[in-house]
Amino acid sequence: MYYCTYGINCSSEIVDEGPNNDGDAMDDDSSTADAPQDTQIKEYNPYLEQANQLAHRQLKGAAHEDEDNEDGDAEMTSFSSTISVNYRHLLSYDPDLAEAIEAEYVRFEYYLRRAAKEFVLTCHPELDRDSSGGGNSGTSSRSTVTSYFVAIYNAPSVLPVRALRTGTIGRFSSISGTVTRTSDVRPELLVGSFRCRKCGLVAPDVIQQYHLTRPPLCRNPRCQNRTSSEFHLEVTTGGATMEEGSGGGSEFVDWQRLRVQENADEIPPGSMPRTIDVIVRNEMVERAKAGDRVVLTGSLVVVPDGSALARAGEAARASGNNPGGKSGKEAASGGGGGIRGLAALGVRELTYRTCFVACCVLPSDVAERVKRRGEETSRDEGYINESFLFSMGSGSGSGVDAPKTAQEVAMEFTEEEKEEIRMMKGMSNLYSKLTESIAPNTFGHSEVKRGILLMLLSGVHKTTSEGIRLRGDINVCIVGDPSTAKSQFLKFVHSFLPERCVYTSGKAASAAGLTAAVVRDQDTGEFCIEAGALMLADNGICCIDEFDKMDQHDQVAIHEAMEQQTISITKAGIQATLNARASILAAANPIHGRYDRSKTLRANVQLSAPILSRFDLFFVVLDECDDVADYNVAKHIVDVHRCDEAVVDPPFTQDQMLRYIRFARTLNPQITEESRRVLIDCYRKLRQGDTMGRSRTAYRITVRQLE
């Protein structure tokens, strides 16, 4: 087996930003591009650069292993034993090797890991534990990493979960889906060393095949032990010092199970969503959480479903020489002696189940961006730092759920995309053009579109000195007569956002479906948390149609999520507080079908006072008869149904809107002193109107609207 070092000559623009200049990331990037003295242009070999980073992190982690160094911990959050490989690079370097890996990935996986280890140790011999010896100076700083992994991304095609068939078993493939459940991180035996109980000889480097695999025969010619139970697993890891000639010890890696469901836009009409279990190992654990839309690369494997056999009847057990009080004659004839194994289960069918073993986990938007850049031109793709490729800047793998900064988001854009954002920033009527680009198929309703635009841009999340988080997301409710495009706005927002957006109906939603449910795991029998709609929409938007049709106890369940943006669960021995930082876009109908203008808003909707106070913006949409308005609406609808592109021609495309909103959400603007006075005066006047009974608002103005 051989390995390659695919070299790419590319330029990387590095922009140095101060801690208080996140809002000027685009402008500073432009200034550095115009000034050659401030731009650092280097030629990279991507995989040599990754080997250098791996060596730096391993040596630094070994040097600070016993020290409480926060900087060292932050550095080790990136990969220290994983090489990320672009499949397109492999295909252009050696098509035969790429074709062989695609056809039989499971067979080549072990050799890919071994080649990655040889490649890293060849570039950095100081990482070799065998050659470093037991010197006094080198022992304390040598690496403790024994296993290396290869994360292959940018597969030629991405399949939905429904397309996985027997033809894809063992082949290199890529699937897309939404993570609905994650398990705890557990250790998995990757390579085991077993000691014979009879002679004491160690059988090292026994590769595990998805279950505990013992050597079938002792390699001592004088022992010839063939009983698998007589081999004892050496739990001493490779990082510890073993006895001379006793082998390298057992290797354990992190292991996690994900439950992935096919995306909502990939489900055929009238079909139930398909799910599949995904296994991730090593540094790919904790890369995804419930609600993430991800692209997984790996292979579909088949494993025996032994747990189903054990659940169906009496579990298999080892019996003694005289089981169940058998007579001495039966025991002497060998009846019922020894380990019965599957025979104890009786005549039953051995079923199999499939699972997907993933070597790489990428967010769907990152995978789409990498693929799009690769299709445009190979030279412009350049070197993609794996810290941004695998969303290390967002803290998804470090345990600190911090949002990306403006600098990190700007580095993910191309030069053309940065120039578009600068052009949009300099427009004088940007606000009105952005409003026109919201739901262009819907005629009118400019005020509702402005509210949806503000909800997409979101506010600023703040944290007080006591550690209390203040909500920055905006909750919007649209109330109006039937046939006034309320559901169209919800459908547009759901299709506009590529991820972290959930659409549900109020009548078909329950309290557990909106928040979270505690279910029992079929494999382990333990209780786990199943994410609901608000958890799946974390850092996104949850669209709830027919909000007024929800039951009263179901509405009470989302009180905490709408204000504190958390979900507290105390069920089945599980006590947890989960994040639900989502904006809620709701649509409701009046009580008697049509809105009564002689009554106030709170008298027209069947919503409780706590729910009304948690919405920041209310929009009332009326169906009034007007000759001019009816003519314009009818003309617009007919032109849309005729597929007239001139009618639906927004100022900005959907991709331009997404990029601008994504960058704008990273900024933290501050209001001026004059704006503070205006806000205080407006809040005081609204409160006085409530006191004197002149206000026709939804409910009494509270500090929630001010915040």
Side-chain angles (χ1 to χ4, degrees), residues 264-265 267 269-270 272-273 291 438-439 441-442 444-445 447-449 451-452 455-456 473-497 500-517 531-537 540-563 567 580 582-597 599-623 698-699:
D265 54 351
I267 303 175
M272 294 293 292
I438 297 293
N441 287 326
T442 303
H445 301 302
E447 290 295 334
V448 181
K449 294 181 180 180
I452 294 177
M455 181 188 62
L456 293 174
D473 296 313
I474 301 174
N475 298 325
V476 179
C477 183
I478 304 174
V479 181
D481 298 333
S483 183
T484 52
K486 298 187 301 297
S487 299
Q488 294 298 323
F489 287 116
L490 272 65
K491 287 290 186 181
F492 169 79
V493 174
H494 180 251
S495 62
F496 176 75
L497 294 179
R500 291 292 178 183
C501 187
V502 179
Y503 180 88
T504 182
S505 179
K507 188 63 177 177
S510 62
L514 288 175
T515 56
L534 292 175
M535 283 186 60
L536 296 177
I541 296 176
C542 181
C543 302
I544 305 177
D545 201 359
E546 305 293 341
F547 191 73
D548 58 305
K549 304 299 189 301
M550 290 179 60
D551 294 336
Q552 190 68 25
H553 66 277
D554 295 335
Q555 291 183 359
V556 173
I558 64 175
H559 282 186
E560 179 187 2
M562 291 185 66
E563 186 59 34
I567 296 174
S583 298
I584 292 181
L585 176 61
N589 291 322
I591 295 178
H592 302 292
R594 304 190 69 86
Y595 193 87
D596 189 356
R597 304 191 64 173
K599 299 180 181 179
T600 60
L601 175 60
R602 53 190 167 188
N604 275 278
V605 292
Q606 193 175 0
L607 298 176
S608 61
I611 289 289
L612 290 174
S613 65
R614 282 168 168 79
F615 281 105
D616 304 301
L617 294 176
F618 272 92
F619 294 99
V620 178
V621 184
L622 302 178
D623 184 14
Y699 191 67

Q. Any side-chain heavy atom of Leu456 sitting closer than 4.5 Å to one from Ile438?
A. yes
**Q.** Nearest heavy atoms of Cys501 and Val493, plus distance in Å
**A.** SG-O, 3.7 Å
Q: Can you sort out the partners of Leu536 under side chain to side chain contact (heavy atoms under 4.5 Å, CB included), two or more places apart, ordered by chain and number?
A: Ala290, Val502, Ala531
Q.
Main chain of Pro610, side chain of Arg614: is a donor-acceptor contact present, judged purely on distance under 3.5 Å?
A. yes
Q: Please name all residues satisfying side chain to side chain contact (heavy atoms under 4.5 Å, CB included) with Leu622, sequence neighbours left out, ordered by chain then number.
A: Asp481, Tyr595, Arg597, Val620, Glu624
Q. Among Val476, Ile478, Leu612, whose side chain to side chain contact (heavy atoms under 4.5 Å, CB included) with Phe618 holds?
A. Leu612
Q. Which atoms form the tightest heavy-atom contact between Ser583 and Met455, and what is the distance?
A. CB-CG, 3.9 Å
Q) Can you name the side chain to side chain contact (heavy atoms under 4.5 Å, CB included) partners of Ser510, sequence neighbours left out? A) Ala512
**Q.** Qualifying residues under side chain to side chain contact (heavy atoms under 4.5 Å, CB included), relative to Asn589, sequence neighbours excluded
**A.** Lys486, Glu546, Asp548, Lys549
Q) Looking at Ala516 and Met535, what are the two nearest heavy atoms and their distance? A) CB-SD, 3.7 Å
**Q.** Nearest non-hydrogen partners of Ile567 and Ala561, listed with the distance
**A.** CG1-CB, 4.4 Å
Q.
Could you work out, with side-chain hydrogen bond (donor to acceptor under 3.5 Å, both in side chains) as the rule, every residue matching Asp545, not counting sequence neighbours?
A. Ser487, Tyr503
Q: For Phe619, enumerate each residue passing the ring-ring contact (aromatic ring centres under 6.0 Å, His included) test, keeping only those at least two apart in sequence or located in another chain.
A: none
Q: Give the minimum heavy-atom separation between Ala537 and Ala582, together with the two atoms involved.
A: O-CB, 3.1 Å
